[in-house]
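First up is the structure itself, then whatever we jot down about it.
Since the model is a prediction, treat every value here as computed from it, not as a measurement. A, B, ... follow the sequence lines: proteins, then strands. Residue 1 opens every chain.
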Amino acid sequence: MRNVLAYCMFIIVPLLLNGTEPVTPIPQNFPHDSAKASLGKKLFFDPILSKDKTVACVSCHNFRHGGADSRRVSVGIDKKVGHMQSPTVLNAVFNFTQFWNGRAKNLTDQAAGPLHNPSEMGMSSEQVEERVNGDTRYRGTFRAITGRSVITITDVTEMIAEYEKTLITPNCKFDRYLRKEIVLDPSEIRGYDLFKRLGCISCHNGVNIGGNSFQKFGVIVPIVRAANTDDRFALTKRERDKNVFKVPTLRNIALTAPYFHDGSAATLQEALKIMSVHNLGMKLSAQEINDIIAFLNTLSGELPMNTITP
Amino acid sequence: MRLSFKIIAALITGIIALIALLYFQLFSQHYFSDRQKVNDEINMIENAEKSLDYQVLHSGFFLYSNQDEIVNKINTVEKMINNLQNNPHFIKNHPISLKNLNAYEKAFQYDTQAIYDFQTANTAIKNATMAIPALQNDAITNFNTNKNDELIFLKKITKISSSVLLAKNSLDSQMISGLDGQIDAITLHNYFKNTEQQDISAAFIGNLKVFRDFFPQYKEAIDTIELSRTKEMLAVLRQSFFTEDQSELNAVTYFSYLLVVLYISSLGLIIYFLIQSEIDARTDQLTRLGNRKAYEAMIRHGIPSTLFLFNINKFKNYNDFYGIASGDQILKLTAQRLKTLCQSWDNPELYRLGGDEFGVVIVTDEKNNPVKLGKALLKEFHSTPMVIEGIETSLSITLAISTQSPLLETADMALKSIKEDRTKNVILYHSGLNLLQVVQENIIKTHELHHAVEHDRLIPHFQPIVSLVTGQIEKYEALARLVMDDGEIRSIFGYLNVVKESKYYSTLTRIMVQKSFAMMKHLPYKFSINLSIDDITDHETVKMITNVLDQNHEMAIRVVFEILESEAMHDYAKVVDFIQIVKEYGCQIALDDFGSGYSNFHHILSLDIDIIKLDGSLIQHIDTSPHAFMIVETIVDFAKKAGKKTVAEFVWNQAVYDTVKKLGIDYAQGYYTGKPEALS
């Protein structure tokens, strides 16, 4: 009887933990139009898209910092300081929505956001169109693609979005482990195991290890909310949406410090400590932190140089 | 109806049918592909929704799951909605469905929000559900059960734990209604001996608060998802789509009916035209009788029949005399009259078989003698004169009857033979007429003649004409000969009737003239060449003769042209002209075959004739026939008085020779004095 029960437990528990891994590897390619993408790349690196021509997309989505900003919050035109940490552009195509609060449904919509944000690039649609139409480098290339002589704002954002589809990072150590090509170090394995056992996986799952649901920051121990935070509440005005954000991807997380929506955690250790206390209600041991960080380090993937150099 | 009109009408109907067919194909293809596309997209929405339900359930049940699946399904539904909203066919033809789709989209967006809320609450609650038993376990190890207050704490958290888990699994908010009080109770509990106990308690309270805070949202989201009406709305959408689709389908169906009608009518039109033109092709437009083609089609049925072939005598003369319009009138009246007259016969069928020929076909009937029938009909026909343009005409008809296949050919041959015999106007074809053989021979002869002309095998032979005074050859008559392939030499005589009917008549004359001149050039003799009235009246032939005379001027005095008298000597002036022309060159003229058919003493006197050639029929038996002798004696006497020389033809033996000599004829010609032969 006891054996049968033990046997049942042996069957049921793994079953409840779900048979398949809740994380899937990044595909080698994402379908895109290479002509548009290559045009989008030019725009991505081009500061003429900002009012004073000092800021380009790449300014805050820096490939040396995992496609994110190493500054606590982004700095826009006229050295204006924002209030959100810029999320990585890498693998953004796999996010279910864009921005911390998911206010953009897709990459094209997202691309318009910073362009029009007065403290980021500060351009109206008309200004963007005027700039790009007046630029001899762009007119021919756009016409070849769109068949129209006039470039519109949606043409611009569409090209940028197309480029961003190329910014995926396949073949990280963990993906190769998932594909059973390699084995992980014991510490990394322990880290992944903890990641699942402690419940991190509940929010950070799927191809992007995050980016597929909205979750509250500070579920167990609440976090003080800054009044100007762009959380879900800023969008829905529902009390329950305060401090609710789109779960950020953990892909390339080792490269994208600082962390959180406000860049309040400078290091992974710090971020883990805050996250475990506020969202899981527990303190992690030094060993646990080391193991989880070892796991997180396996999530940095490959990005071809020609994709990320202007 | 004109042919071009028929072709254009058939073509236009055909083209319209074709265009309609192409349009229909395009239309139906679009219709079915659009329909299929919309149907597929609705199906995909439905499947994605089902799948989404499963994924939500899955994520609620398992401790963790890949939430990408939920996102993917939401994306699929949104994409399909978007596709439908941008499908021009759907927008245009399915306004009600579009409205239903938009309503569905709204409901689905509402559900999506609920799913997002569910994800948020579900994660928090699941993590708390995992944490609570773990914390309970930690508490048991860190609290001393022997100490009363610590045991109370343990009991409290155990009680709360079980109610929380019960609430989660029963989704019953009542189960956690007292949770606030209980949380307060353990929060106020401050007998903790160490930080571990404090931490555990804090964590436990934190997790309980998660339950308390997220449970309403959790339940609300689940209720919303559960009560979702999107599936019914989708069913309504599908229903409205098919209702709207049905009316479109009806249009397709009606159009296909129209197409079939159009197709059949164009086919019908063509068939109508075909029948019309077939009927036209078999109908004589003038008399509305069946024509030759209709006759042949009837004959192909192969019923043993009798053909009565009627021919209007000298119809050409009527045509020439009264004009073509009156000629047509005659044909019409004749047709009517024949039709009326043969009405009493057994099922007669009347056809117009040629310009002036009508045929009546009846099934051969042993009881009635066809000749009797025919004679009776002709008698009736001729009894009343036909009135044309107010003038009574003595129109007469000749009838040939045949019961032997091929009917028309045999009747026609019989008709030809009877035309030569003016005493009869009805003939029944029988094999004894031997007409068929004649026709065959004519065909062979025509070929032989053609062959001879083509291969230069027509040559003159010369028959000597002997002076009855000196007994010496004085001249020769050129006679045409055919050299056959095997070297056999044939007289032209057997071919004359063929020559007359063929295009070779003038050719023959030309060859004879040219070759005779060439052969006689270096011989001292006079020679004669036969010419017919047709030759003399033919401008080209006369020109040819004068050319030859011009080139051989010195030979002209040696040349005699023998002219054959004939019925057609009506172009008298031309004959006179010709004689005058050749006489100026020094030629002589002989009147040939005098004493046969058309002999006319008047001609001897009025035309400038030098020589009279007495026909063989008179000479042949002159030694024994006193009758012939008497006629010849008269002619010779007349000739002498008129100062003409005479030639006896057909002198074939001594007796004849002696007789003609005794009669004082100037020359003799015949086998006795010399056969025709090639001169070298």
(Q) What part of B:Asn75 gets within 4.5 angstrom of chain A, counting heavy atoms only: side chain, backbone, both, or neither? (A) side chain
Q | Part of B:Phe214 within contact of chain A (heavy atom distance under 4.5 Å) | A | side chain
Spacing of [atom1] belonging to [X] relative to [atom2] belonging to [Y], to within rounding of 0.5 Å:
X        : Y        : atom1 : atom2 : result
B:Tyr64  : A:Phe195 : OH    : CZ    : 11.0 Å
B:Glu78  : A:Lys105 : CD    : NZ    : 4.0 Å
A:Cys203 : B:Lys126 : SG    : NZ    : 9.0 Å
A:Thr24  : B:Glu69  : OG1   : CD    : 8.0 Å

Do [X] and [Y] come within less than 4.5 Å of each other through their side chains, counting heavy atoms only?
X        : Y        : value
B:Asn66  : A:Val23  : no
A:Val219 : B:Asn127 : no
A:Ile220 : B:Lys209 : no
A:Met282 : B:Asn207 : no
B:Gln113 : A:Arg238 : yes

**Q.** Check ion pair B:Glu220-A:Arg240 (N to O, under 4.0 angstrom)
**A.** yes
At their closest point, which heavy atom of [X] faces which heavy atom of [Y], and how far apart are they?
X        : Y        : answer
A:Gly281 : B:Ala203 : O-CB, 3.3 Å
B:Ser65  : A:Pro22  : C-CB, 4.1 Å
B:Asp199 : A:Lys283 : OD2-NZ, 3.8 Å

Kindly check if the number of other-residue, nucleotide or ligand heavy atoms within 6.0 Å of [atom1] ([X]) is above 12?
X        : atom1 : value
A:Arg179 : CZ    : yes
A:Lys273 : NZ    : no
A:Lys173 : NZ    : yes
B:Met44  : CE    : no

Q | Interface residues of residues 204-213 of chain A facing chain B - non-hydrogen atoms under 4.5 Å apart | A | A:Asn205, A:Gly206, A:Val207, A:Asn208, A:Asn212, A:Ser213
Q) Using a cut-off of under 4.5 Å for heavy-atom pairs, which of B:Asn122, B:Asp117, B:Ile115, B:Ile200 has the most such pairs with chain A? A) B:Asp117
